[in-house]
Asks: 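Here it is: the structure, laid out below.
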Amino acid sequence: MTQPQYIILLGPPGSGKGTQAANLREHLDLPHVASGDLFRYNLNNETELGLKAKTYMDRGKLVPDDVTIAMVLDRLARPDCAAGALLDGFPRTLPQAQALDAALAEGGHAISRVLNIQVPEEEVVNRLSGRLICRECQEPFHKIYKPFETCPYGKCYGEHLYQRDDDKPATVRNRLKVYNDQTSPLIAYYREQGVLVDVDGAQPITEVTASLKAALDDL
Ligand code: AP5
């Protein structure tokens, strides 16, 4: 039996993790597990978890590790993740990364690859200020770079699009600071494990997808 594959998309807010996860879906045939989407799902359903997460998300802060780790490990334990998962937005702190390693090790598994998507900060701010999300399929679009007519599900009709509350410029600046302080140390953590590959995320969307596929070629 082949080993389950756990692939992590790492990168600052707006680096294109969600966009690329959608593009890699068919290539990898793995479920897309995005911690931000799980929080927003809970928030839309007004669960206790969602309302708690909102108080952090609105300020561009990270939701506490205990809550986040429990939510994502619970998602990874579901049957559709038996062959692994494409992780987006998790882990984001060293305790999250260590908890994930420990949980996978219990089942005799490990991280297969970490794709470190590199994009300069000014480009990130530019992307997030034009981002629109579809309420129907959760796909991220962009006013200029990725208009909603490209929806692969044919479900988007302009009126379903909204701007995320945390894409306001002041919150984006906080999110970038949080990324630099708390998440970027994961680059060294995974490089040391020998599983990290750097990818230039400042290219056009389809070229980033091609680079990511090339970085997964030997798996
Ligand atoms: P989350 O939803 O994970 O947000 P994020 O990591 O900040 O990432 P984004 O979704 O903003 O960006 P992305 O990299 O997916 O870019 P996208 O593809 O959309 O987290 C939100 C909040 O939830 C956090 O702040 C925190 O509070 C909480 N949270 C989540 N996970 C947590 C965790 N593990 N621990 C604690 N708290 C957690 O692309 C952006 C835009 O650019 C789009 O408009 C897209 O069309 C465009 N675009 C993409 N690629 C390109 C390209 N190559 N060229 C031009 N445009 C492009």
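Atoms within each ligand, like the ligands themselves, are counted from 1 in listed order. By convention here, the first residue in the shown sequence is residue 1.
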Asks: Between Asp74 (side chain only) and Ala70 (backbone N and O only), is there a donor and an acceptor less than 3.5 Å apart?
Replies: no

Asks: Using atom types as modelled and distance alone, determine if a side-chain donor or acceptor of His142 lies under 3.5 Å from a backbone N or O of Arg127.
Replies: yes

Asks: Need the ligand 1 atom indices (1-based, order shown) with element for anything under 4.0 Å from a heavy-atom of Arg175.
Replies: 4 (O), 5 (P), 7 (O), 9 (P), 11 (O)

Asks: Find out if a path of hydrophobic residues (ILVMFWY) with successive side-chain heavy-atom gaps under 4.5 Å connects Val172 to Phe39.
Replies: no

Asks: Please work out, at 4.0 Å between heavy atoms, whether the side chain, the backbone, both, or neither of Phe141 comes within that distance of ligand 1.
Replies: backbone

Asks: Can you check which of Val67, Leu176, Leu10, Val63 brings a heavy atom nearest to atom 36 (C) of ligand 1?
Replies: Val63

Asks: Quick check: closest heavy atoms across Arg92 and Thr183, and the distance to 0.1 Å?
Replies: O-OG1, 2.8 Å

Asks: Between Phe90 and ligand 1, is there a nitrogen or oxygen pair with a distance under 3.5 Å?
Replies: no

Asks: Is it the case that Arg135 places NZ or CZ above or below the six-membered ring of Tyr162, under 6.0 angstrom from the centre and within 45 degrees of the axis?
Replies: yes

Asks: So, for Gly14 and Leu128, which heavy atoms are closest and what is the spacing to 0.1 Å?
Replies: CA-CD2, 3.6 Å

Asks: Check each atom of ligand 1 against the heavy atoms of Asp166 and keep those under 4.0 Å away; list them by number with element.
Replies: 21 (C)

Asks: Could you find the nearest protein heavy atom to atom 18 (O) of ligand 1 and give me its residue, atom name and distance?
Replies: Thr19 OG1, 2.6 Å

Asks: Pairs of nitrogen or oxygen atoms closer than 3.5 Å, one from Asp88 and one from ligand 1: do any exist?
Replies: no

Asks: Answer with side chain, backbone, both or neither: which part of Lys61 has a heavy atom less than 4.0 angstrom from an atom of ligand 1?
Replies: backbone

Asks: Taking Leu43's backbone N and O only, do any of them form a donor-acceptor pair with Lys54's side chain (distance below 3.5 Å, no angle check)?
Replies: no

Asks: Given Arg131, Glu207, Gln203, Gln163, which one has a non-hydrogen atom that is nearest to atom 19 (O) of ligand 1?
Replies: Arg131

Asks: Can you report which non-hydrogen protein atom sits closest to atom 15 (O) of ligand 1, along with the distance?
Replies: Gly18 N, 2.9 Å

Asks: Return yes if a side-chain donor-acceptor contact under 3.5 Å exists between Gln20 and Thr209, otherwise no.
Replies: yes

Asks: Report yes if Gly60 has an N/O atom closer than 3.5 Å to an N/O atom of ligand 1; otherwise report no.
Replies: no

Asks: Looking only at heavy atoms, what is the nearest atom pair of Pro120 and Ala202, with distance?
Replies: CD-CB, 4.1 Å

Asks: Judging by distance only, is a nitrogen or oxygen of Gly16 under 3.5 angstrom from one on ligand 1?
Replies: yes

Asks: List every atom of ligand 1 that sits less than 4.0 Å from any heavy atom of Gln96, numbering the atoms from 1 in the order shown and giving each element.
Replies: 33 (C), 34 (N), 35 (N), 36 (C)

Asks: If you have a sec, work out which protein heavy atom is nearest atom 13 (P) of ligand 1 and how many Å separate them, to one decimal?
Replies: Lys17 N, 3.5 Å

Asks: Backbone N or O of Thr55 within a donor-acceptor pair of the Arg59 side chain at under 3.5 Å?
Replies: yes

Asks: Leu132 to ligand 1: N or O pair under 3.5 Å?
Replies: no

Asks: Return the option from Glu139, His142, Arg92 holding the heavy atom at the smallest distance from atom 32 (C) of ligand 1.
Replies: Arg92

Asks: Determine yes or no for a side-chain-to-main-chain donor-acceptor pair under 3.5 angstrom, with Asn126 supplying the side chain and Glu122 the backbone.
Replies: no

Asks: Please state which protein non-hydrogen atom is closest to atom 34 (N) of ligand 1 and give its distance, to 0.1 Å?
Replies: Gly89 O, 2.9 Å

Asks: With nothing but distance in play, are any N or O atoms of Lys146 less than 3.5 Å from an N or O of ligand 1?
Replies: no

Asks: Considering only the protein, which heavy-atom contact is closest to atom 31 (N) of ligand 1, and what is its distance?
Replies: Ser35 OG, 2.7 Å

Asks: Can you name the nearest heavy-atom pair linking Phe141 to Lys146, along with the distance?
Replies: CB-O, 3.2 Å

Asks: Give yes if a backbone or side-chain nitrogen or oxygen of Glu123 is under 3.5 Å from a nitrogen or oxygen of ligand 1, and no if not.
Replies: no

Asks: Tell me: protein heavy atom nearest atom 38 (C) of ligand 1, and distance?
Replies: Phe39 CE1, 3.7 Å

Asks: If Ile, Leu, Val, Met, Phe, Trp and Tyr residues are connected whenever their side-chain heavy atoms lie under 4.5 Å apart, and connections chain through other members, are Leu94 and Val72 in the same group?
Replies: yes

Asks: Is Gly130 near ligand 1, meaning one of its heavy atoms is under 4.0 Å from it?
Replies: no

Asks: Taking only heavy atoms of Tyr145, which atoms of ligand 1 are found under 4.0 Å from at least one of them?
Replies: 55 (C), 56 (N)

Asks: Considering Gln182, Lys54, Arg59, Arg127 one by one, which has a heavy atom nearer to atom 42 (O) of ligand 1 than any of the others?
Replies: Arg127

Asks: Looking at atom 12 (O) of ligand 1, what's its closest protein heavy atom, distance included?
Replies: Gly14 N, 2.9 Å

Asks: In terms of atom number and element, which parts of ligand 1 are under 4.0 angstrom from non-hydrogen atoms of Arg40?
Replies: 2 (O), 21 (C)

Asks: May I ask whether Arg164 places a heavy atom under 4.0 Å from ligand 1?
Replies: yes

Asks: Distance under 6.0 Å and angle within 45° of the ring axis: does Arg191 meet both against Tyr189?
Replies: no

Asks: Just by distance, do the side chain of Ser35 and the backbone of Gly89 share a donor-acceptor pair under 3.5 Å?
Replies: yes

Asks: Using a strict threshold of under 4.0 Å (side-chain N to carboxylate O), is an ion pair present between Asp166 and Arg164?
Replies: yes

Asks: Out of Leu9, Asp29, Ile8, Val33, which one pairs with Leu86 under the side chain to side chain contact (heavy atoms under 4.5 Å, CB included) rule?
Replies: Leu9

Asks: What about Asp37: any of its N or O atoms under 3.5 Å from an N or O on ligand 1?
Replies: no

Asks: May I ask you to check if ligand 1 and Asp167 share an N or O to N or O distance below 3.5 Å?
Replies: no

Asks: Using 4.0 Å as the upper bound for N to carboxylate O, is an ion pair formed by Lys168 and Asp58?
Replies: no

Asks: What part of Thr68, side chain, backbone, both or neither, has a heavy atom within less than 4.0 angstrom of ligand 1?
Replies: side chain

Asks: Of all the heavy atoms in Ser15, does at least one lie under 4.0 Å from an atom in ligand 1?
Replies: yes

